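A note on names: the letters A, B, ... follow the listed sequences, proteins ahead of strands, and every chain is numbered from 1. Everything numeric in this text was worked out from a predicted model, so none of it was measured.
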Amino acid sequence: MPSAAPPTARLALRNDPSEMARLAAWLDTIERDWALPPGPAHALRLCLDEAVVNVLTHGFRPGQPQAVEITLLRQPVLTAIVVDDGAPFDPTACALPPRPHTLEEAPAGGMGLRLLRHYATRLTHSRPDGRNRLEMEFMPDGEAPG
Amino acid sequence: MPSAAPPTARLALRNDPSEMARLAAWLDTIERDWALPPGPAHALRLCLDEAVVNVLTHGFRPGQPQAVEITLLRQPVLTAIVVDDGAPFDPTACALPPRPHTLEEAPAGGMGLRLLRHYATRLTHSRPDGRNRLEMEFMPDGEAPG
Amino acid sequence: MQMDVEALDGERARVVLAGRMDVAGTAAVDAALTELSETRQALLIDLARVDFISSIGLRTLLLAAKRLGRRGGRVVLLHPAKDVEKVLWVSGIAELMPIHHDADAALAAVLA
Amino acid sequence: MQMDVEALDGERARVVLAGRMDVAGTAAVDAALTELSETRQALLIDLARVDFISSIGLRTLLLAAKRLGRRGGRVVLLHPAKDVEKVLWVSGIAELMPIHHDADAALAAVLA
Ligand SMILES: Nc1ncnc2c1ncn2[C@@H]1O[C@H](COP(=O)(O)OP(=O)(O)O)[C@@H](O)[C@H]1O
Ligand SMILES: Nc1ncnc2c1ncn2[C@@H]1O[C@H](COP(=O)(O)OP(=O)(O)O)[C@@H](O)[C@H]1O
């Protein structure tokens with residue numbers, strides 16, 4: 001084994017906007033301990049920021065005791081699994097808004113899902129046990145097919 | 001009716017690389033006759049170039065009398081439907097290769113599907129009558145939800 | 001996140017941001033950037049030391065540009081790092097405001 | 001597509017492309033660009049008059065840059081239009097070779 005770093009990490013966040021700072025700090029630790037390469041590390045941070053803020057903002061009802069649980073797997077490919085008990089929502093299925101071409105027309109949102117779909121090398125949604133389960137893969141550079 | 005332009009256009013291409021020039025010329029006519037706005041016109045041209053060259057290159061067998069049929073609808077939203085009798089292939093389903101971070105690692109391909117998924121505001125694949133049917137939508141700017 | 005503001009003249013300012021424009025970080029600069037976009041005519045936003053941006057940060061930049069745009073003003077972005085610039089393009093933001101990598105060109109654009 | 005080549009010195013050239021780098025158009029310049037990438041040390045590719053690019057055109061640029069890169073050379077891109085630059089970023093190509101909007105800066109990068 002080249003490394004003694006644990007192959008799995010887990011973080012549970014409460015239904016509270018301040019939890020986003022805990023997510024960022026946790027990712028700092030993981031990035032360092034797992035010695036993640038810059039490409040996948042950047043994509044992981046971006047997709048978790050997008051996916052988790054969406055659950056807190058759109059999926060949860062204010063004040064309810066709901067939770068998001070994040071699991072990271074390092075092998076065989078860096079993977080984040082986000083499980084939440086918020087509103088049923090499949091971010092892989094809905095149509096993306098068009099890209100605006102002028103400032104006036106530009107809506108002040110709708111960019112998160114576009115980024116999620118672009119930066120995750122694989123994105124799958126399911127609903128085991130009545131929860132959302134979003135699995136995102138971040139392949140290391142150069143190991144791609146094609 | 002504000003315009004007398006036909007709401008539908010159709011083009012059939014043979015299994016021959018030279019047909020790509022015919023596609024480009026046909027799109028010139030459509031763009032002008034339908035007075036397409038720049039954003040959707042660009043996305044339409046890009047996605048058709050990607051989708052059709054993929055069918056010719058990867059979906060068809062050399063020398064076989066196969067065909068791609070393209071239908072464009074102007075309303076309610078600019079839509080391109082590409083039907084082909086090549087190998088079964090769903091470009092919405094497969095995982096995208098990761099973004100390479102150095103020139104050495106970069107594969108000389110695999111960019112087409114990423115562009116297709118980014119620029120079509122909706123992309124659906126089905127297999128009626130044993131053919132591939134790819135439906136791509138290009139929403140006009142500012143008419144988006146969100 | 002950190003934010004430094006330097007007046008270019010009475011109506012225009014250079015804003016130097018540093019840190020991560022993620023959900024946690026953007027909250028720290030959002031109000032100040034909003035205020036600048038309501039009181040100035042043009043903002044040169046230096047992104048060189050922003051090492052990450054997600055949609056919350058894009059939203060803050062976009063809203064500032066929209067507010068200024070309605071009053072005939074503008075936002076000009078200066079040398080984003082590669083990862084940050086890529087996010088600007090993939091999200092569509094890069095099509096809505098100028099991005100410069102040369103400080104003189106950016107200054108000319110904001111003073112124009 | 002049209003292609004003009006101008007020597008910058010014995011080893012470096014400026015290539016001005018014009019037209020659409022789609023499947024039909026790229027075929028017209030692919031062989032000439034390939035040859036330049038095998039015989040020169042650095043190429044400044046001016047994209048100002050390229051009004052469209054799809055993955056076939058990206059592939060030609062990428063292969064030229066890969067070939068030059070293996071010999072320690074480089075490709076530098078000069079002022080792509082907005083639509084074209086966006087495709088460079090979304091595809092990932094923009095992360096692999098420098099894009100300049102200023103002719104002097106591009107020239108300095110190719111002569112460096
Ligand atoms: N977890 C979620 N639960 C419910 N709805 C969601 C969720 N994530 C996203 N959405 C819906 O999808 C839309 C687009 O999301 P996104 O692209 O992240 O943009 P934004 O959050 O800025 O609106 C949201 O406005 C919301 O309606
Ligand atoms: N119509 C198709 N039929 C069969 N396979 C396809 C089709 N389109 C794409 N593919 C497969 O998907 C891969 C990625 O396609 P793409 O992203 O367009 O890149 P490229 O064509 O440069 O390889 C192709 O290499 C091919 O294996």
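- Only the backbone of A/E104 comes within contact range of chain C, with heavy atoms under 4.5 Å apart.
- Looking at A/R22, neither its backbone nor its side chain comes within 4.5 Å of chain C, counting heavy atoms on both sides.
- Contacts between C/I53 and chain A at a heavy-atom distance below 4.5 Å involve the backbone alone (N, CA, C, O).
- With a 4.5 angstrom heavy-atom cutoff, C/L63 touches chain A only via side-chain atoms.
- Scanning all heavy atoms of the two residues, the minimum distance from C/V90 to A/Y119 falls at CG2-OH, 4.3 Å.
- C/K86 NZ to A/H42 NE2: the interatomic distance, rounded to the nearest 0.5 Å, is 9.5 Å.
- At least one side-chain heavy atom of C/I93 sits under 4.5 Å from a side-chain heavy atom of A/M111.
- C/D51 contributes atom CG, which lies 8.5 Å from atom CZ of A/R45 (distance to the nearest 0.5 angstrom).
- Of all heavy-atom pairs between C/L96 and A/A106, the closest is CD1-CB, 3.7 Å.
- Within the model, atoms OG of C/S55 and CG of A/N54 stand 7.0 Å from one another, a figure rounded to the nearest 0.5 Å.
- Ionic pairing of A/D49 and C/R20 is not present here: no N-O contact between side-chain nitrogen and carboxylate oxygen is shorter than 4.0 angstrom.
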Could you walk me through whether C/L58 and A/L115 pass side chain to side chain contact (heavy atoms under 4.5 Å, CB included), step by step? CA-CA 11 Å; C/L58 300 171; A/L115 293 173; 3.9 Å; yes
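- Taken from CG in A/L103 to CZ in C/R67, the straight-line distance is 12.0 Å, to the nearest 0.5 Å.
- With hydrogens and angles disregarded, a donor-acceptor distance shorter than 3.5 Å links the side chain of C/R59 to the backbone of A/A108.
- Heavy atoms from other residues, nucleotides or ligands lying under 6.0 Å from CZ of A/R127 number more than 12.
- Among the candidates C/A65, C/A24, C/S54, the residue making the largest number of heavy-atom pairs closer than 4.5 Å to chain A is C/S54.
- Atom CG of A/D129 has 12 or fewer neighbouring heavy atoms from other residues, nucleotides or ligands inside a 6.0 Å radius.
- Heavy atoms closer than 4.5 Å to chain C are found in the side chain of A/H118, but not in its backbone.
- The number of heavy atoms from other shown groups lying within 6.0 Å of CD (C/Q2) does not exceed 12.
- Remark: A/L27 CG to C/D22 CG distance equals 9.5 Å, nearest 0.5 Å.
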